[in-house]
Amino acid sequence: DVKVTQSSRYLVKRTGEKVFLECVQDMDHENMFWYRQDPGLGLRLIYFSYDVKMKEKGDIPEGYSVSREKKERFSLILESASTNQTSMYLCASSMPFGSNQPQHFGDGTRLSIL
Amino acid sequence: EDQVTQSPEALRLQEGESSSLNCSYTVSGLRGLFWYRQDPGKGPEFLFTLYSAGEEKEKERLKATLTKKESFLHITAPKPEDSATYLCAVYSGGYQKVTFGIGTKLQVIP
């Protein structure tokens with residue numbers, strides 16, 4: 001089974017802090033994704049990566065950056081946290097584009113910015 | 001732009017009362033339709049992939065079907081443990097992102 005592990009289930013940070021969310025997958029997947037999920041808005045794509053050191057913006061990249069130095073690890077960085085970034089953050093991984101295979105998700109990080 | 005609409009937004013069933021969830025989609029060329037189950041406070045769990053109209057997949061009390069415009073998730077004789085939010089998503093190929101619906105929140109009452 002695919003295992004996607006997010007480093008924290010719950011996180012509380014203060015406005016203006018730099019926040020790091022970590023994600024590791026164990027299936028040697030090429031693609032990795034970061035989403036945020038908010039009530040009534042569904043899943044929104046922040047960034048994705050299709051290879052080491054490669055990244056692409058999703059629908060809502062403002063205020064975020066990402067890092068992928070190793071194939072199995074994908075980090076999401078909130079450069080200067082703001083209260084409107086309070087949300088559930090979900091990491092996912094998948095086989096390469098064109099394989100038509102589903103994404104597999106971690107259990108999420110519930111982030112609160114005070 | 002790909003679009004996914006799920007209905008109803010919420011559904012309450014008595015244990016044993018069968019029903020269906022709907023996922024209507026608009027894509028330029030469907031390469032895959034995915035169903036997920038999401039429990040409160042957890043990430044989506046993959047259930048099924050459907051690739052072409054007429055295809056069906058089954059798992060326990062769940063059966064997913066696909067036409068050219070929509071997919072149905074049929075739940076037969078549901079149990080309380082089937083309570084969850086069910087998400088539908090479509091993929092139109094290449095570097096196109098996967099588009100998710102908002103989901104249907106299912107509650108099964110004992």
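Scope of the values below: all heavy atoms of this structure, side chains included, with no hydrogens, waters or symmetry mates. Chain letters run A, B, ... following the sequence lines, proteins first and then strands; every chain starts at 1.
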For residues 105-114 of chain A against chain B, heavy atoms under 4.5 Å, the residues are A:Phe105, A:Gly106, A:Asp107

From the list B:Ala89, B:Gly103, B:Gly41, B:Gly101, the residue making the most non-hydrogen contacts under 4.5 Å with chain A is B:Gly41

Side chain to side chain contact (heavy atoms under 4.5 Å, CB included) with A:Arg73: of A:Gln25, A:Glu22, A:Arg68, only one passes, and it is A:Glu22

Strictly by modelled atom types, are B:Asn22 and B:Ser24 linked by a side-chain donor-acceptor pair under 3.5 Å? yes

So, the part of A:Tyr35 with a heavy atom under 4.5 Å from chain B: the answer is side chain

Honestly, the part of B:Gln38 sitting under 4.5 Å from a heavy atom of chain A is side chain

CD (A:Glu56) and OH (A:Tyr47) are apart, to the nearest 0.5 Å, by 9.5 Å

*State plainly whether the residues B:Glu56 and B:Lys63 are in salt-bridge range, i.e. N to O under 4.0 Å.*
yes

query = Do we see a donor-acceptor contact under 3.5 Å between the side chains of A:Ser94 and A:His29?
reply = no

Residues passing the side-chain contact (heavy atoms from CB on, under 4.5 Å) test with B:Pro110, sequence neighbours excluded, are B:Glu15, B:Pro80

Highest number of heavy-atom pairs under 4.5 Å with chain B among A:Gly42, A:Pro102, A:Pro96 belongs to A:Pro102

The interface call for A:Gln6 against chain B, heavy-atom contacts under 4.5 Å, is neither

*Decide, yes or no, whether a salt bridge links A:Asp51 with A:Lys53 under the criterion of side-chain N to carboxylate O below 4.0 Å.*
no

Grouping ILVMFWY residues whenever side-chain heavy atoms fall under 4.5 Å, the cluster of B:Tyr25 otherwise contains B:Val4, B:Leu11, B:Leu13, B:Leu21, B:Val27, B:Leu30, B:Leu33, B:Trp35, B:Leu47, B:Phe48, B:Leu50, B:Leu62, B:Leu66, B:Leu73, B:Ile75, B:Tyr86, B:Val90, B:Leu106, B:Val108

Bottom line for A:Arg44: the part with an atom under 4.5 Å from chain B's heavy atoms is neither

Cluster membership besides A:Phe20, Ile/Leu/Val/Met/Phe/Trp/Tyr side chains within less than 4.5 angstrom, sorted by chain and number, is A:Ile77

Whatever's closer than 4.5 Å to a heavy atom in chain B on A:Asn31 counts as neither

